[in-house]
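These values consider heavy atoms only, across backbone and side chains, with no hydrogens, waters or symmetry-generated copies.
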Amino acid sequence: MMLFLAIALGLIAAIFSLLDVWYFIRGALVVLKARIQPVVKDLLKEHSYSGIVLPHDLDFLFHMNNSRYLREADFARFAHFTRSGLFQAMHSLGSSMVMAGCTIRYRRSLRLWETFEIRTRLLCWDDKAFYVEQKFVALKDDFVSAVLMSRQHVIGNSPDKVVQSMCKRKVESPEYPEEVVHWIKYNDSSSQQLRAESGVSNNSKDE
């Protein structure tokens, strides 16, 4: 019995040391919670996701670690895409989605025990990807502490077909905000430079 217990504890320790288990557990719980919440029928409506800065989120300066913002943004997108029906539509079409680009700007630190909201909204889409904005808002004064822009690349289908599946009709993308236009140009320029440096053809699918 003691040997079995030791082996079991060893396996659990190995799993926790090799995998970010809490990320997967929390991600699953976020999706499950979103599934039982009311459906958000407006695809472009802003979605709020609440959070608090915990001790394990801190860096050496005792404010939220830069990488934690990206982690929290993941969970906020999981909730938004689930409640809006985006994940379900993609699953029904046999497609998936990956992060193809991300830029974050930090404006003010979030401190220990500080509460915040991540306000996520879908801005627009093109023939390959959705463009998403996420704002980290400090609840004590409604200050935007950080803002994140991401490009969610659709694999195995197109954003137009995904939106059409959700809305049961063809829906045109909203007009691109000015900051998205500049950001796309920056990413395209960076891709061209990297291709030139590596000798890869512009026809390559790799970004």
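A salt bridge is absent between R68 and D74: the closest approach of a Lys/Arg side-chain nitrogen to an acidic carboxylate oxygen does not fall below 4.0 angstrom. Between E72 and R26 a salt bridge is recorded (basic side-chain N to carboxylate O distance below 4.0 Å).
Side-chain atoms of R195 and S191, non-hydrogen and from C-beta on, do get closer than 4.5 Å to each other. Side-chain contact check for M166 versus L86: some heavy-atom pair is nearer than 4.5 Å. Side chains of R119 and S48 form a contact here, defined as non-hydrogen atoms less than 4.5 Å apart. Using a 4.5 Å heavy-atom cutoff, the side chains of S92 and S165 are in contact. Counting heavy atoms from C-beta on, the side chains of S95 and I155 never come closer than 4.5 Å. Taking the side chain as every heavy atom from C-beta outward, S50 and T115 never approach each other to under 4.5 Å. Within the 4.5 Å cutoff, side-chain heavy atoms of L139 are placed close to those of E117. When side chains are defined from C-beta on, Y176 does not count as touching L123, because their heavy atoms never get closer than 4.5 Å.
Taken from CG in N66 to CD1 in I104, the straight-line distance is 7.5 Å, to the nearest 0.5 Å. The distance from the OG atom of S84 to the CG atom of D42 is 10.0 Å, given to the nearest 0.5 Å. To the nearest 0.5 angstrom, S96 atom OG is 6.0 Å from M90 atom CE. A distance of 10.5 Å separates OG in S198 from CD in Q193, rounded to the nearest 0.5 Å. The line from CD1 of I52 to CG of D57 is 9.5 Å long, rounded to the nearest 0.5 Å. A distance of 11.0 Å separates CE in M97 from NE2 in H153, rounded to the nearest 0.5 Å.
Every residue two or more places apart in sequence or in another chain was checked for a side chain to side chain donor-acceptor pair (under 3.5 Å) with R83, and none qualifies.
By the criterion of side-chain heavy atoms lying less than 4.5 angstrom apart, applied directly or through intervening Ile, Leu, Val, Met, Phe, Trp or Tyr residues, V132 is grouped together with V31 in one hydrophobic cluster. Criterion: ILVMFWY side-chain heavy atoms under 4.5 Å apart, direct or through other members. Under it, I25 and L19 are part of a common hydrophobic cluster. Under a hydrophobic-cluster definition in which Ile, Leu, Val, Met, Phe, Trp and Tyr are linked whenever side-chain heavy atoms come within less than 4.5 Å, directly or via other members, F116 and L58 are assigned to the same cluster. Put simply, V30 and F24 are part of the same group of oily side chains (I, L, V, M, F, W, Y) that touch within less than 4.5 Å, one to the next. If you chain together hydrophobic residues whose side chains sit under 4.5 Å apart, V53 and L70 fall into the same group.
Pairing each heavy atom of A129 with each of P159, the nearest pair is N-CG, 3.4 Å. A pairwise comparison of heavy atoms in V162 and L93 identifies CA-CD1, 3.8 Å as the closest pair. Heavy atoms only, all atoms of each residue included: P174 and W125 are closest at CD-CZ3, 3.7 Å. For the pair A79 and A34, the tightest heavy-atom approach, listed with the atom from each and the gap, is O-CB, 3.9 Å.
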request  = Please step through side-chain hydrogen bond (donor to acceptor under 3.5 Å, both in side chains) for the pair S67 and N65, ending with a clear verdict.
outcome  = CA-CA 5 Å; S67 63; N65 187 303; 2.9 Å; yes

R71/D20 under side-chain contact (heavy atoms from CB on, under 4.5 Å): CA gap, chis, key distance, verdict = CA-CA 12 Å; R71 184 186 182 95; D20 190 353; 2.7 Å; yes

task = Assess whether side-chain contact (heavy atoms from CB on, under 4.5 Å) is satisfied between I118 and L148, documenting all intermediate values.
result = CA-CA 10 Å; I118 304 175; L148 182 149; over 6 Å; no

request  = List the steps, then state whether side-chain contact (heavy atoms from CB on, under 4.5 Å) holds for S158 with D127.
outcome  = CA-CA 6 Å; S158 69; D127 59 336; 5.7 Å; no

request  = Evaluate the criterion side-chain hydrogen bond (donor to acceptor under 3.5 Å, both in side chains) for residue pair S150 and Q152; output intermediate values, then yes/no.
outcome  = CA-CA 6 Å; S150 67; Q152 306 293 322; 2.9 Å; yes

task = Decide salt bridge (charged side-chain N to carboxylate O under 4.0 Å, His left out) for D160 and K128; before the verdict, give the C-alpha distance in whole Å, the side-chain angles of both, and the deciding distance to 0.1 Å.
result = CA-CA 9 Å; D160 276 333; K128 295 181 180 179; over 6 Å; no

task = Please step through side-chain contact (heavy atoms from CB on, under 4.5 Å) for the pair I12 and I15, ending with a clear verdict.
result = CA-CA 5 Å; I12 293 173; I15 291 171; 5.6 Å; no

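Without hydrogens or angle criteria, Y49 side chain to F75 main chain gives no donor-acceptor distance under 3.5 Å. Distance alone, capped at 3.5 Å, is enough to place a donor-acceptor pair between the S17 side chain and the A14 backbone. Judged by distance alone, with hydrogens and angles left aside, the side-chain atoms of E114 form a donor-acceptor pair with the main-chain N or O of R111 at under 3.5 Å.
Few gaps surround OH on Y23; more than 12 heavy atoms of other groups in view lie less than 6.0 Å from it. The number of heavy-atom neighbours closer than 6.0 Å to NE2 of H91, taken from other residues, nucleotides and ligands shown, is 12 or below.
Residue pairs meeting the salt bridge (charged side-chain N to carboxylate O under 4.0 Å, His left out) criterion with at least one partner in residues 166-178, sequence neighbours excluded, do not occur; the list is empty. Within the structure, every pair that satisfies the side-chain hydrogen bond (donor to acceptor under 3.5 Å, both in side chains) test and touches residues 131-140, not counting sequence neighbours, is listed here: R77-Q134, T120-Q134, R121-E133, D126-Y131, Y131-R151.
Using cut-offs of 30° and 60° for the angle between ring planes, the F78 and F87 rings count as tilted.
Both tests pass for R108 against the ring of F143: distance under 6.0 Å to the centre and angle within 45° of the axis.
A distance below 6.0 Å separates the ring centres of Y69 and F136.
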